[in-house]
Amino acid sequence: MTELAPQFDPKQIETTLFDRWLKEGCFKGVADSTSEPYDITIPPPNVTGSLHMGHALNNTLQDVLIRKNRMAGRATRWVVGTDHAGIATQNKVEQKLAKEGLTRYDVGREAFIEKCWEWREQYGSTIIDQLKAMGCSCDYSDEWFTMNESYQRAVREVFVDWYDKGLIYRGRRIINWCPRCTTALSDIEVEHEDVPGRLHYLNYPLEKPVGGRHFITVATTRPETILGDVAVAVHPDDERYQELIGSVALLPLVGRKLEIIADDYVDPAFGTGAVKITPAHDPNDFEVGQRHDLEQINVLDEHGAINELGGVYAGLDRYEARKAILADLDAEGFVEKIEDHEHAVGHCYRCHTEIEPYLSDQWFVDMKPLAQPAIDAVRDGRVKFHPARWSNVYFHWMENIRDWCISRQLWWGHRIPVFYCDACGKQFASKEDLTVCPDCGAPLRQDEDVLDTWFSSQLWPFATFGWPIGDVSHAPEAVDYWYPTSALSTARDILFLWVARMIMSGLYFMDGQVPFADVIIHPTVFNKEGKRMSKSLGTGVDPLDLMETYGADGMRFGLMLQVTGVQDLKFSEEKLLSSRNFANKIWNAARFVLMNTEDYTPVAAAPEPTHTADKWILSRLATLVCQVSEGIDTFEFGEVARALYEFTWNEFCDWYIELAKGRLQGSAGERAEVQRMLVFVLDQTLRLLHPMMPFVTEEIWGKLPLVREGQASMLIRAAWPDADALARYLDPQAEAALSSIKMTISALRSTRARYGISPKTPLAAVIRTSTSGQAEFIISRRALIESLANTESLEVGTDVAKPPASVSMIGEGLEVFIPLEGLVDLKAERMRLSKEQEKLQVEFDRLQRKLGNEGFLAKAAPEVVEKDRARAEDLQGQLEKVVGQLADLG
RNA sequence: GGGCGAUUGGCGCAGCGGGAGCGCAGGACCCUUACAAGGUCAAGGUCACAGGUUCAAAUCCUGUAUCGCCCACCA
């Protein structure tokens, strides 16, 4: 047997173990008709991405679920892969080209796409390698990519189906345009941010004075858009403007005639109650324009600069144009006043450029018909959110869902499979690439745009099982076996972008079956100051650095300790330090067990405890197994981690191992019995810890003297502890008995500390118990007390006399006297006991009041009343003893 | 304008109807033969505030305050 080092060094074992797991094929998802599958499809990280704390948290959590269920005997598969991330990747490749002084237009579409693939080859596996470093047990033998061949077929299948059913349509609308990415975005890809701005009051002269008025004042935050104004609107009931409705204003600087129209959209209370209408640059104005059949004048180009329709301002960037136009308006006296005005401005979620409402032709998905079944699925519990409150957020969005703009003016992505025949005018969607028109034989032209990345991501839970036809690595029935998946774990910010859409498309294409039963919305990781972790702001922490310092297990467990049902998580590195120390504690507990079991012969059968300490630890273990199993199944990761920590450290290490030390020196039979227990409890504990701390547990487990066949890793060989089978070990008496031993030892240690007596100086103790049974029990555990508290003599009984000049400690059902000839500080003892008395009295009085309350006796649960009664009795006993001791002290 | 979350010892957090807990920091003592990344002992809180429900409230309800998120087309 190889001796373990006194300190656990994660680096020494992590890669070796991970390679072994891979080599043994532990992670491979294999369909097994005899077992119920447990599978998760990983939220595919962007190929451009690298691991951040959110990933670290989310993937640990999924690995915990996967590992636990794998140990529990389920056919398990964690599908891994990456997302092609249209805009993000295109930006990266464009940046790379820019360094060579090139743009994508210089290299051309085909060559550019080729460069994107090259980029993906080169950098796309970074994050996968980082998942491996974390120990994530994904099925790496089958890595997916949202643009691989099989996936492309899935996207085509979906597009053509929806197109043919009329769910995908083309429309000319105001969409969100990013002038930097030069593409349309969907509504939810826009991040709104309140920014300080200005509200400009502009006087638009009337063509002819009306009732003595020469102009109408409009308010706008964006003066540059006046170039696209086609009307001025007021509320139909606004008395101030009744006589102006129908007359004409003249657009300053431009001179265009603007009819003054009436529309309900206008809020008379805001600004002047008169609104300039710019249908091509504002979604509301667009609608007003439609109602009044107004012209749409688009004055911006795709980069957000004023186009040729902007007259003298043509070519100016939108911000320069704003300044120039404002200056000219001011010079000509059109500016009435300017007020500060905070308002929400949309920004591109990829590059944070201000988005521009922009009129253009785009493809849309009609969402209403898809949304209803997805609302029902959550409503009737086929999909459950954890925490449950997220379902309300989901409902709110789904019930107000708007059509989804899916076309992107990019090159990297799934090209829209719509073909046009310029000769005969045919337009159709096709799963196959066609070059000639099936009707007239003329050459076909494919739509230039690509699909929103999220259009392909939404297919993840079934496309990754080879849907629709299966491919080389997938039997066609793979999707039948693995779909629906078991759980989905993700951050809240992609609830709409991704989760909702997966539910909709899953239900639609998988015969009404939901893609997953449980959606776990994990807390968002913030830094200590409560700010978003951000690489660019330098407020982030790199999980790789953390693993370097605390080990993968330390990072994983430290994160799990912090997971609660709360929506924000202020990242605490101290928890990782505690977790690293915890790993070391486990390591050393194992080291102790291994050092003391070299002469031990493994036994397969479960232990039958006779010793109280053994009964106690098995009882505690049985409770722990329940807590951990249930906790993982109900996604209470923080509670599970805390229960494991507490049991391992405070019960197994602090007490059981200490209690075992003496017994290991006992008779051969006694020694064997304790060895059996140490190995059994450690084995079971390691199994429970494994999902959260896979490395340290695997390393130790492999060295434990167990009856085992072959050398397979614990990940697949160690069965998950069975709570039902262990329930027979539950033993409240043993747990109570242990507490009196603990009390006795604590009393001795506390006295020692108070009087500065070295642990090396043996103490004598006299213990008075309330029952003879208790006295017998303590006597039988004399050796334990001697070894843990260094006592040289122990006198125990129900009526033993208090030795003179002794310190007395009072606990539940017993008094401990420690003779300290010549040392006892009477004054200090009196003070301590008085304080103790006060504490006991307060608590006793509280209970007395409670027990004297008719309402309590009548309405509280009988067991609660009984418990309080017993406690009051015990407190009374303790009080009497304290009072007695005080009297003794004089 | 709606919605959600948070407010508990110096710091970070758990508990979410019946005896206020954890980690870190700080104090005293201890290199005790698994572990100083450790052990023992002690100290530290009117659970944001105000009402209410209940025999019983840190825990449930209502409101207030502060902080933070999300959704929303008010120019």
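Residue numbers begin at 1 in each chain, while the letters A, B, ... track the order of the sequences.
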Dot-bracket for RNA chain B, 5' to 3', Watson-Crick and G-U pairs with both distances under 3.5 Å, [ ] for crossing pairs, | for partner on another strand, reads (((((((..((((....[..))))..((((.......))))......(((((..]....))))))))))))....
Report the residues that fulfil side-chain hydrogen bond (donor to acceptor under 3.5 Å, both in side chains) with A:Glu630, sequence neighbours left out, ordered by chain and then residue number.
-> none
Where at least one partner belongs to residues 568-582 of chain A, residue pairs that pass salt bridge (charged side-chain N to carboxylate O under 4.0 Å, His left out), sequence neighbours excluded = A:Arg492-A:Asp568, A:Lys528-A:Glu574
For A:Glu658, check side-chain hydrogen bond (donor to acceptor under 3.5 Å, both in side chains) against everything at least two apart and list the hits.
-> A:Lys661
In residues 185-199 of chain A, what residues come within less than 4.0 Å of RNA chain B, judged by heavy atoms?
-> none
Looking at residues at least two apart in the chain, or sitting in another chain, which of them share a side chain to side chain contact (heavy atoms under 4.5 Å, CB included) with A:His343?
-> A:Val195, A:Thr221, A:His341, A:Val345
In short, salt bridge (charged side-chain N to carboxylate O under 4.0 Å, His left out) pairs touching residues 636-647 of chain A with sequence neighbours left out are none
For RNA chain B, which nucleotides open and close the run of contacts to chain A, 5' to 3', at under 4.0 angstrom from a non-hydrogen atom?
-> B:C4 to B:A75
Listed by chain and number, what are the side-chain hydrogen bond (donor to acceptor under 3.5 Å, both in side chains) partners of A:Asp845, not counting sequence neighbours?
-> A:Gln841
The side-chain hydrogen bond (donor to acceptor under 3.5 Å, both in side chains) partners of A:Glu193 (sequence neighbours excluded) come to A:His352
For A:Tyr204, enumerate each residue passing the ring-ring contact (aromatic ring centres under 6.0 Å, His included) test, keeping only those at least two apart in sequence or located in another chain.
-> none
Contact residues, residues 386-405 of chain A to RNA chain B [heavy atom, < 4.0 Å] | A:Arg389, A:His396, A:Arg402
A:Asp263 and A:His292: side chain donor to acceptor below 3.5 Å = yes
